[in-house]
Structure formats: C-alpha cells, structure tokens
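See below for the structure under consideration.
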Amino acid sequence: MSDRISTHIVSPLAHASFDGFAKVSEIGPVGMIGLRAKADVPGLAAAIKAAVGTAAPSQRQIEIAGDRAAGWMSPDEYLLILPYGETDAALTAIADALQGQHHLAVAISDARAVFRVEGAKADQVLAKLSPVDFATLGPKELRRTRAAQVAAAFWKDGDGFTVVCFRSVAGYVMGLLSHSAMKGSEIS
Amino acid sequence: MLILECPYCGVKAEETELTPGYEAHLKRFGPGSSDTEFEDYMFARKNPKGVHFERWRHVYGCGKWFLAARDTNTLEVFGTYPAQSSAPPADLQDKIKAKRPDWKGYK
Amino acid sequence: MSTRLSKGGRLIDRSAPQEFSFNGKAMRGLQGDSLASALLANDQMLLGRSFKYHRPRGLVAAGPEEPNAIVGLGRDGRFEPNQRVTTTELFDGLEAASQNHWPSLEFDVGVINNTLARFLPGGFYYKTFMWPRAAWKHLFEPIIRRSAGLGKAPTARDADRYEYTYSFCDVLILGGGIAGLQAALVAGASGARVMLLEQAAHWGGRAPVDGDVIEGGPADVWINNAVQTLAGLENVTMKLRTMGAGVYDHGYVLAEEKVADTTPGDGRPKKRLWRIRAKQIVTATGAIERPLSFAGNDIPGVMLAGSLREFVVNYAVSAGDRTVVVTNNDDAYRTAIALVQAGLSVPCIVDARASVTGDLPAKARAMGIRVEAGRAIAKVKGGKRVTGVSLCAQAGQGAVLEEISCDAVAMSGGWSPVVHLWSHCGGKLVWDKTHAHFRPDATRPPTGADGLAMVVPVGNANGMMTAADALVCGAKGGAAAAEAAGFKAEAVAAVADAAPEADMEAVWIMPQGAGPALKAKMWLDYQNDVKVSDVQLAAREGYTSVEHTKRYTTLGMATDQGKLSNINGLAVLADALHEEIPQVGTTTFRPPYAPVTLGALAGESRGDIFQPLRKTPMHAWHEANHAYFEPVGLWRRPYTFPRAGENHEQAVHREVINTRTNLGLLDASTLGKIIVKGPDAGKFLDMLYTGVMSTLPVGKCRYGLMCSEQGFLSDDGVVARIDEDTWLCHTTSGGADRIHAWMEDWLQCEWWDWQVYTANVTEQLAQVAVVGPNARKVLEKLGGMDVSKEALPFMQWADGTLGGFPARVYRISFSGELSYEVAVPASVGLAFWEALHAAGAEFGAMVYGTEALHIMRAEKGFIMIGDETDGTIIPQDLNLGWAISKKKADYLGKRGQERNFLASPDRWKLAGFETLDGSVVQDGAYIPSAGKNANGQGNTQGRVTSTYYSPTLKKGIAMGLIKGGLDRIGDVVEFTTITGGVVKAKVVDPVFYDKDGEKNNV
C-alpha cells in the first residue's frame, strides 16, 4: 500500500475514548483476516502459524502473541489478528499453506471496529451489555455474543478486554460502552 | 426465556443470542414433486403439546444452525445436536422415550 | 390524629431531619422514614381519591401491597406518577403530590360518582355504554377519557438514565427477611454462588416488628449477625432496594434495583434492571395481610393491623390515638399490645371468633385491653377520617350493639403468602384451611430446563407463619436449592421462641349476615372501587369463572394487581356460587410482582443508543453536507442533499438532471457484498439464483434474482465471478445479513456435504457509484487503471488502483447512464470519496441520494425489491423471465412457481403507466374494474408499484401491475386517488428513458 494511501487510513471513530470507572478507547485500525477452513484441513496449522505466528486455537480459545492472535470463531472459522499493513502478505502465506485445500481467507480489517475496555472493573462494563457469565469466562476465551442489540466478540487481554464489533455500528457500541462505564455506576 | 447449549461452540446461549428456525428434519421437495408433497413440505407443520424437534441458529455466537429437542409445554430441553443430522441421535431418542413413554417418535 | 411518637422507631434517625413537600405543603420527616411514615408523622392521612367513586382514601398498608396512597413524585424531567408512598424512601427535597382528584384533594367534584354509586354497578362499562348509541361520542367517551387512568403521564423527557446488568448464580434468594437470610446462610456455607435480594431498604422483614425472639435474643440482633456473616462470604452477593419482579423460563429472573431514587441528579442510573440466570430460585417473599370486609372499611384511618404496628415499631408513628383492633386471628393482638406499649389507647379488640383463648389474647387482657369475642364491626363512621365504629354480633345481620369512638381501626383478616414469584412460571397452589390461604404446592413446582423443580418457597411465602417454622423452612429450602445446584449443604436453622397462636377463623364478610346496604359499603378492591356487592352481582349475572369476574368487576386489575383484594374477592365469589374456595381458584399471577419503571425496562436503549444506527465510512461527510437521511434497514442513507433555498423535491430533481447531464456520485457502501467460494460454489449459486451463475466467465458480471422456496422474489443484485472458484454476490442494501443467513441456512442444513464457504464483506468495502456522461473522465483523471470501453466493457469488473487507492471497479449501471461502481477498503472510503469530488469538480460532479437513484432506475424501468415486490410477487410477474434459467432442473423457488395459481395467465404483470394529463399517479393507487367481488367490494385489475415525477421527461411516470401486463400497452385505465376520484393513464412500456441503451453504450 502506497504511503499516500496509508495517511488516509482512519479507524471508524478516529480513536475516540471515554474515561469512566473503566477506560474505553477505540483502537485500530487492526489487521484482521477471516479464515474459513475445517479444523482437520491439512495445512491449517501451518497457515495460521505463517499468518500470525500462533498455534491454531481450540474451541472458543484465542491464542495471543503480542500484537498477533488467532481466535476460534466456529468449527470452521478463525479470526486472525495482525498489524494492519501485513494482511496482504498474510493472505498470500495462507494461500500458499492451503494450496489446493478448500478454504476461504479474506481481509476484514476494515469491516470491524475494535475497542479496549480497561480497568479493574472492566468486566462490569460488559456485564451490563452482554448475557455472559464473566465469572466463568476463561482466561483465553473468545466469547461471541451480543452487546445490547448488535453482535460483538471479546476476550480478556492484559488489564481489560478487547471488544470487536462491526464497523457500521462502531458509534453505537462506543455509546453503549461509555454509558455503561459512567462513573458511579459500578455494580459492586 | 430459554437457554440452549450450542453443540458447536459449547456456549449455553440464552434465547436472545439465538434465532428460531421452526420445525426440524423437514424433507425438501423440489421440482417433480406432487402438490401434496410440496404443500406438506412448505406449509404443514407439527404443533405438538409436548416433544418437538426444532431448528435454532446461534446467530450472536458461532453462527451455526443446530437442532433441539424440547417439550413445548414444560420447556424441558432433552438435548441439542448438530444440524447435519438426518435424524435425532439414538441416545437422545432413548432419553426422550424414557421421560415421555407416550412419545410417538420424531417423524 | 396521626403523629410521631416521642420514643422508639428502629429505622429512623431523629438527628437527621429531612424536608419534603406534599401538595406544595412543607413537611418534615426523618432519615430512615418511608414517605408513608413521614406523611403520617405530619398527620397527613388523606392521600388520594379512589378511581371510580373518588372516595377519600388514606394509607392501608406499609409495603408494596398499598392500594390507596399513590402519588406523583418529583417534577418536570423527574416526575413519576403512581408511586406508592410505602415503598418510597424519604429524602431531603422530595416533592409529592396526590392524584386522581379535581380541583383538590380536599374538595373533589368527582366524588359525585360516589352518590351515583348505585348507577355504577359492577360491569357498568359493559352495560351503560351500549345505549343510546349517540351518547358514546358526546357523553361517555369524553367522560371516560377524562377520568380514565391514574396519575398523569409525564410530559417532559426523562432526565434520568437507566441500565441493565446480566448476572448469574447458583442460588438466587428473593426476600431478605429471616427465612431468606437463613436460606442464604445455609446456601452460602455450601459454597454455592448466592444472590440475596431484598426489596426494602433494610434486612430482616417483619420479624423485629413482630417482636420475634431468635436464638434467645431480639430478632434484630440475629439479623445483624446474619447480614455480617453473609457480607463476609465472597460467594454471596447481597442487594437491598432490589425487587424480584418476575420469574421466567429456565431460571430467568428480572429484578429492579433502585440505585439513585433518593439522590436524583447524582449521575448514577436511577434504576438498574437485573437480568439474572439462576440454577435455583428461593422465594422468601413473606406474606401480605388481608383486610376484613365490613362497611366503611375504606375510610381513611382503617389500616391493616400489621402495617399499623410496623409504623409504630419501625418509624415511631401512630395512625391515631385511639385504635380499635378488629380481627379473626391472634396476630392482630400484637398490634394492640404494641400500641398500648407505645402509650396509645386501644379501646377494644373486636374478635370475630366466638371463643378467644390464645396466649396473645391472654397477654392483651392482662394488659387491661378489652376484648370482645364473637363481635364484628357493623360500620365505620367518618368521612375523610375515622371517627368511630359501631359493633354488632359477627353471627348476626348488623344490629348495632354499641358505638365506640376512635380515630383509627386496625384490621386483620389473616395472612396470605406472597406466592406470585412461585406462580409466575407455573408453580401450583394448595388451599390451606388452617390459615385460610393459598400456599405453594411443593408437589407441583415450576420446572426448569432439566424438567426438575427450579423454585423453592420458604418461610411465610411457603405458609410457615411463625418465626420458628420460617427459620427451619428457610434452612431446609436453602439447603435444597444449593444441593439441586450441585453443592453439599447442611440445613442448620436458628431457633426462634415458639409463640403458639390459636387457630384463626375464616371471615369473609363482617357481620356474616350483612344485608345489601352494608355490603355496598364493604370494599374489596380499594383502588378500583370494587365492593362485595359488585362481586355478588357478577355471580348473579352468570360470571362464574374467577377470571371473568375479575374482568367484569375490575377486581384486582388496578396497579396493586389485587394484592389485598384477590383472596377476599374470590372467597365472596365462592360463597355466592356455593362452592369451595379451591374450586373457584385464583386468577393468574403474572409478572411483574409490583410495577417496574418503564425506564428500567428500556435500560440503556434511548437517545443516541436507542437502536444501532449503521453508518457508512462517508456518513460524517453526508452530515456535514446537509444530507436528509432515510432509514434503509438500520442504515441511514442520504435521501437527498438539499441546498439553501431548495425543498427536497427540488434537490432530488437537481440531482437527477445533473447525473444525467454531467456526473453524479452516490455512496453505495450499504450494498450487500457476499463472497462465495469453493469447489461447489457454482453449483450452489445455481440453486440460489433463478439464473445460471456457474457459467459466468471470470471477470464478468451477471444480474441475478433470488426467490424463496415459495417462489416469491426475495432479493436481486449483480454477481461477479472473481476467480475459478470465487464469486461475489451483491445484495440489496437492506438484504445483506438476511441473504447471508439464507445462504448459510442451506449450506449448513440441507447441502452440508457441498464444499462452499461464504463471507459477508459488506462493511469491508466502501462503494461509490460514479454515474453520468462524465463518469469515465473523472476516473481517468484519478488514473491508475484502464477504464475505457474496450478495457472495461459493460458488465465486467477489474482490479487496479484509482488515484493511488486500491480499487475494484464494476462497470454496471442502475441508472442507464455510463456508470462505474468502485469499491475501496472502508478505511480509505472517505478519502477516496473526497478525492472523487475534488477530481470531479471540473466535470460537474455532484452527490446524489437514494431518491434520485430511485427515480433514475424507474425511468429505466428497473425493478426495486420492496417496491415492485412485496413477498407475493414472482419474477415472471415482473417480466423477468429472461433472468430465469429454463434449463436448470432445480433452483430455490422453482417448484413453488409451478403451482397453478402462480402459473396462471390471470396474474397481474408489470407495465409502465403515463397519465394523460402528465400528473403523478398517487402512491398505493389501484386500477378499478367493473363489478363487485363476493364480499361486495369493488373489483380491481391492477395497482401502482412505483410512481414519480420524472425530471428528465418532465412528466409523471409509473410502474405497476395490471392484468394482462404488456399486452395492455395502449389501453387507457383509471387509477384511484386518495380523495375518491380517478386519474386516467395510458399503459406503456416500462422503459421510459433511453430504450436502446445508447447512454450506457459508450
């Protein structure tokens, strides 16, 4: 991608943020690849390794290595996360590794918005929006669910959660997270 | 509001994370089928007070369709299983028979 | 008069006065008061008017069952109507106003209904308004509209905010009285995740009010210890001011938490709705005392005995100086004893039981309180306040034996367990003769997902009416719930001193032989003004089902949902029907237990986050350029971009003309884009589309139609073949998610052995339609790829760069003009859009919106899903047979389209229409034909589907369906108008503009 274009690349909300009892910030752009392939397809592990450097995740898990990760989305779908500018190279690597195997790999970096919700009570922000039992959410669990009225996925990472939603509803999700994180509205 | 366990991702999803797909194990009738066959396929649906097999999609989760066996009256859930099933698993059928001796079978 | 006592009050802080107002009058209460106790302390007994007769009404109860004392709270953006003063905590600055009266609480003209009471019997709604017919519009409806409803709907926008929270636990205990606390101690000790919710602002429930002794000490001490123990357990969550409102399927419970009711404007949510999933639910919801039915039982100053006692013990307020106690049970003697201990006078305890022998009566007698056995209240005297009672024999017809002056009456008809939450999800009840109440039937519990019991009732709520029994029951219930949730628990209960009570005696009417005059003054439902005589009338008129009687008389249909009235009402009904109470049964208990604020149910969904509005990468540009938006699904798309001085119509016409003469730019990002890939993708698409997609050469585009299995047209769009096993399917703007789900449904559930993957990449790409004679010029100016006629002919696509932006360019047209659709990554969508505008300036580039798009496609005779289709239209109806493969053995919808009524030549088919006078056919217009149908309605032969003024052709154009379709070209038909007239129109070819496609062929 030429330098001229990279200066025009904008995340959906231009890094909006909100300080409540947890800190909400829109990050990105984050490179993402949607990879569809069955778990037993030869070359899958190699493809994921080549694209993001992690092992293939098992059911509902996300394998994180720095700014790269591979998440299990369904029995035949993976979410690969990597620096925004590296998706083309990763797609090529995947195509090589899965040559001749039935699969579909496509860049979805621009189709998503990504948020960080950080702080000791970050889980309470999400608990107001998603029917998810955070006490039983595993340390490496990628949970796909809804945030209020839209699809969302999140996982624990460091001092908080990374939340992914569709790009078109980024403003709505920012509104949800900010409303839920307002100071004084901690649940406990 | 129901909870159904998605057989693909193992999430015990609540109804708001799911989309209903109505009766399961329908056989498709296309061109060449009789009017009666097509009518049954298109319109005739079971509406039992009791054991029912139905389709659900984990729409806010892994996006997969699965099938559930459920009592429409008590809302007891006997089990869920993948949509790629031509018939309910045998062990599920046995379980339902044990719990509902009057049950006439899924067909 | 009612007043604050100089001593006592376990919940109030006398050092913390709180100023508040009632009907504008300044009053003073104390920290810890409820609004009810604060009003009583200010001698404000008259608090409202009843719904139908506008009778003066005062407090009856001290809890959520209160039917009368309902007020409006706050003002402007924080005004809340219909709030019970008994469940409202006092705070400094609280403003309350009574409701349901005019012009004032003291002088209410509506009270005239009271003198007309004999003309407003049960079921009067159904009788009176039948006749005369004309009176409905001019007399009855205005009166009903004026008097209907309690309180006033707020007019200002709610200044507060609300939220949900989702929560999960093993054992959820609803009710923090001693039974609930005991259950929590046992379940908590098992290690289960426990939630304990209490609706009030304090723990312990009624036990301290009743003077119960637990583990050898006052109940308060045990309660404080229990609360401290529980607070120290990490696996236990405790919430005060949180009411369990409803129990639903599979252990789902809704609870409403009052977060900031007493601190308005502090920025916290006013209420929080808890959406809880529990493996097991323990209902420790206590019991509610029943009124007795005697004449004048609604006069202010007549209160429930237990509530009157609660006001004295908890808040140190007395309802009156001289209180007559009337009862059919021993419990009410506690009230008499508490009153006398507080230094107040109890001139008499009127006990309907012929023989009064229990320990509590003995204690009362020993204190010198007069007890009259076998007696009843014949009548309460007073208007806005009790002035006295007359006594009679309970066994008689009401002959007055004696009159006693008093200013309060404490009544007790026994206690009914709060079975609501047990019953919401199917728990059944059993009639307990000893206590004359319904209690949960343990053999018929509500069941959960596993088919096993999911609710355990404990304490008073389970009919265990003494402290000792309630604690044992609480421990057992807590243990049972924990074990059912998979934990090992020990049912160790605290020991309460057993204070034996003599049996109560069911008394439904007082005196038992009361005549019509007395019965017409015996209130069952205070809020809705339903009396004993009304229920008896309903029975006489044939309403033998309790559900019918409820609706006919409105018994139990007020905001208190019959918490006080239902059991008494159905006992009266049973008596009138000569049946037993269990045979008559109860009405259905439905959530919520007590009213829940609508704001709490809406949660966060208001204002900007009322619903998820979808925005394209260029949305901010549209806003900055004054777009007028229209909803397309959840998308907001610019309808037009009006300039200063233009109305929308003028703006749309300008956009159409400019696009056709120069260059138009449209944000088409909302267009659905789904990638379909795999060895079987071609086969799959051939099933999905009516046409053949498998033969489409790489690099080319083809228009396709998708139908439902019934054969009806469901979506359309252009399909592009990307490579040997990859296709990209465009869908309509609203259709991407639906069509993607449709594809996945067939792939997962029917053809699961086919090797096909799909991916919805709609939001990955920003897409711009570059349309008009100068379209190629602007792309060539941006440069980077060959978009010439030769390199990129119509219905082909190419990848490349434009102005440095990575782009996929489709040469397709929905307007008939030379047109390209350019897709770029969404992240650079805005930059590309701005670059196009900048480069296009010299070519007359101008943005256009969806309405111009619609007009241009109609000028070309292109159909629009949702305009030409409505779920009953097959492609053949729209002359789209050319897009349907005749060779394919099967496609979705093929068999459906073969049904004889869809194959009929009589179906209405698409044609174009031009009015003879050039006017625009009205939306929704029909084409009538001669005669009438079997239902006497005028026959029709067609209808309009799209109709516009064409700024290009400068006349009205329309598309529509007409019997005979294109065979009718040349006919003149009539379209209806909204005012009942007709407009003549000629049937024409639906392609109005550039029939030969010259514009696009450049």
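Proteins get letters first, then strands, A, B, ... in listed order; numbering begins at 1 in each.
Counting heavy-atom pairs under 4.5 Å between each of C:E604, C:R268, C:Q755, C:R193 and chain A puts C:Q755 at the top. In terms of non-hydrogen atom pairs under 4.5 Å with chain C, the most contact-rich of A:G184, A:P131, A:G175 is A:P131. Ranked by heavy-atom pairs under 4.5 Å with chain A, the first of C:H619, C:R277, C:E163, C:R161 is C:R161. Put simply, of A:P12, A:G171, A:A148, A:A107, the one with the most heavy-atom pairs under 4.5 Å next to chain C is A:A107.
Proximity to chain A is absent for every atom of C:Y252, based on heavy atoms less than 4.5 angstrom apart. With a 4.5 angstrom heavy-atom cutoff, A:S11 does not touch chain C via any of its atoms. Within the 4.5 angstrom heavy-atom criterion, atoms from both the backbone and the side chain of C:I609 approach chain A. In this structure, no portion of C:S167 lies under 4.5 Å from any heavy atom of chain A. For a residue to count as touching a neighbouring chain, one of its non-hydrogen atoms must lie under 4.5 Å from one of that chain's; by this rule C:E257 does not touch chain A. Neither the backbone nor the side chain of C:F832 comes within less than 4.5 Å of any heavy atom in chain A. A:V132 touches chain C through its backbone: at least one of N, CA, C or O sits under 4.5 Å from a heavy atom, while the side chain does not. Using a 4.5 Å cut-off between heavy atoms, C:V761 touches chain A through its side chain atoms alone.
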| Criterion side chain to side chain contact (heavy atoms under 4.5 Å, CB included) on A:S168 and C:W635, from CA distance to verdict | CA-CA 8 Å; A:S168 66; C:W635 292 104; 3.6 Å; yes
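Using a cut-off of 4.0 Å between Lys/Arg side-chain N and Asp/Glu carboxylate O, C:E763 and A:R167 are scored as not salt-bridged. Salt bridge status for C:D266 with A:K183: absent, with no side-chain N to carboxylate O gap under 4.0 Å. Ion pairing of C:R272 with A:E186 is absent here, as no side-chain N (NZ or NE/NH1/NH2) approaches a carboxylate O to less than 4.0 Å.
Considering only heavy atoms from C-beta on, C:T758 comes within 4.5 Å of A:R36 through its side chain.
Around CZ of A:F166, the count of heavy atoms belonging to other residues, nucleotides or ligands within 6.0 Å does not exceed 12.
Closest approach of C:G267 and A:M182 over heavy atoms only: O-CE, 4.3 Å. Between C:S827 and A:D110 the shortest heavy-atom distance is N-OD2, 2.9 Å.
No donor-acceptor distance shorter than 3.5 angstrom exists from the side chain of C:Q611 to the backbone of A:Q149, with no hydrogens or angles considered. Of the possible donor and acceptor atoms, none in the side chain of A:D133 sits under 3.5 Å from a partner among the backbone N and O of C:F168.
C:Y757 has its ring centre less than 6.0 Å from the ring centre of A:H102.
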